[in-house]
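What follows is a set of notes on a single structure, which appears directly below.
Below, all heavy atoms of this structure are taken into account, side chains as well, without hydrogens, waters or symmetry copies. First listed ligand is number 1; within each ligand, the first listed atom is number 1.
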Amino acid sequence: MIALGCDHGGYRLKEIIKNYLDKNKIQYKDFGSFSEESVDYPEIAINVSEEVAKGNYDKGILCCGTGVGVSIASNKVKGIRAALVGDCFTAKATREHNDSNVLCLGGRVIGEELALMIVDTWLRTEFIGKHHTKRLEQIAKYEK
Ligand code: RB5
C-alpha cells in the first residue's frame with residue numbers, strides 16, 4: 001500500500017502516478033493536496049512520511065515542483081530514507097542500496113514517461129541487503 005502526497009507543483013504528476021497505480025492495481029491512499037492551488041509542502045510530506053515510518057504504508061511517493069522540498073521534509077522523519085530521483089539508474093540503485101522508502105519526484109522537472117518509468121522501476125526493485133545493511137544501520141544509529 002502506497003501513501004501519496006504532493007503540493008501544487010507536483011499535483012499534476014501525482015494524478016498521473018495515480019492513473020499508473022490504478023492501471024497496475026496497486027493500492028494507495030492520496031494524502032493530498034487535491035488541486036493546483038498553492039499549499040505548503042512540509043505538512044503534507046511529513047504526514048505521508050510519518051505514515052510510512054509508522055508502518056501504516058509500505059512506501060511513500062511525494063511530488064513537488066522540484067522534488068527537493070518534499071525530500072528535505074521527508075528525510076526529517078525518523079526511519080525515512082527519501083530519495084529524490086530523476087533517472088532510472090538511481091531509481092533502481094536507491095532501492096537496492098539505500099532501501100529508500102519514500103520516492104520524491106519533481107513535477108516541474110521530469111516528463112510523464114520518465115516519471116512513470118522511475119516509479120515502475122522503484123516499486124519493482126528490492127533492497128539487496130549484504131554490506132548495504134550496515135550502512136543503513138549507521139544512519140539509524142545517528143537518528144537515535
Ligand atoms: C512551489 O512553488 C515549489 O517551491 C515547491 O513545489 C517545491 O519545488 C519546493 O521544493
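Residue G65 has at least one heavy-atom neighbour below 4.0 Å for each of these atoms of ligand 1: 5 (C), 6 (O), 7 (C), 8 (O). Atoms of ligand 1 found under 4.0 Å from any heavy atom of C64, numbered from 1 in the order shown, are 6 (O), 7 (C), 8 (O), 9 (C), 10 (O).
For atom 4 (O) of ligand 1, no protein non-hydrogen atom is found at a distance below 4.0 Å.
The protein atom (non-hydrogen) at minimum distance from atom 2 (O) of ligand 1 is R108 NH1, 3.3 Å. The protein heavy-atom contact nearest to atom 1 (C) of ligand 1 is H8 NE2, 3.4 Å. In this structure, atom 8 (O) of ligand 1 lies nearest to the protein heavy atom T66 N, 2.9 Å. Looking only at protein heavy atoms, the nearest one to atom 10 (O) of ligand 1 is G69 N, 2.9 Å. Nearest non-hydrogen protein atom to atom 9 (C) of ligand 1 is Y41 CE2, 3.6 Å.
If you look at D7 next to ligand 1, the close heavy atoms, those under 4.0 Å, all belong to the side chain.
Put simply, the side chain of T121 gets close to the backbone of M117: a donor and an acceptor are under 3.5 Å apart. Side-chain N or O atoms of R108 include none that pairs as donor or acceptor with a backbone N or O of T66 at under 3.5 Å. In terms of modelled atom types and a separation under 3.5 Å, the side chain of D120 and the main chain of L116 share no donor-acceptor contact. Side-chain N or O atoms of D30 include one that pairs as donor or acceptor with a backbone N or O of G32 at under 3.5 Å. Of the possible donor and acceptor atoms, none in the side chain of D99 sits under 3.5 Å from a partner among the backbone N and O of F127.
Taking any N or O of V68, backbone or side chain, none lies under 3.5 Å from an N or O belonging to ligand 1. At a 3.5 angstrom cut-off on N or O pairs, V70 does not count as close to ligand 1.
No salt bridge links R12 with E15; every basic N to acidic carboxylate O contact stays at or beyond 4.0 Å.
Geometric assessment of K29 against the ring of F31 yields a positive cation-pi assignment under the 6.0 Å and 45° thresholds.
The one candidate from I2, V48, V52 that meets the side chain to side chain contact (heavy atoms under 4.5 Å, CB included) condition with Y57 is V52.
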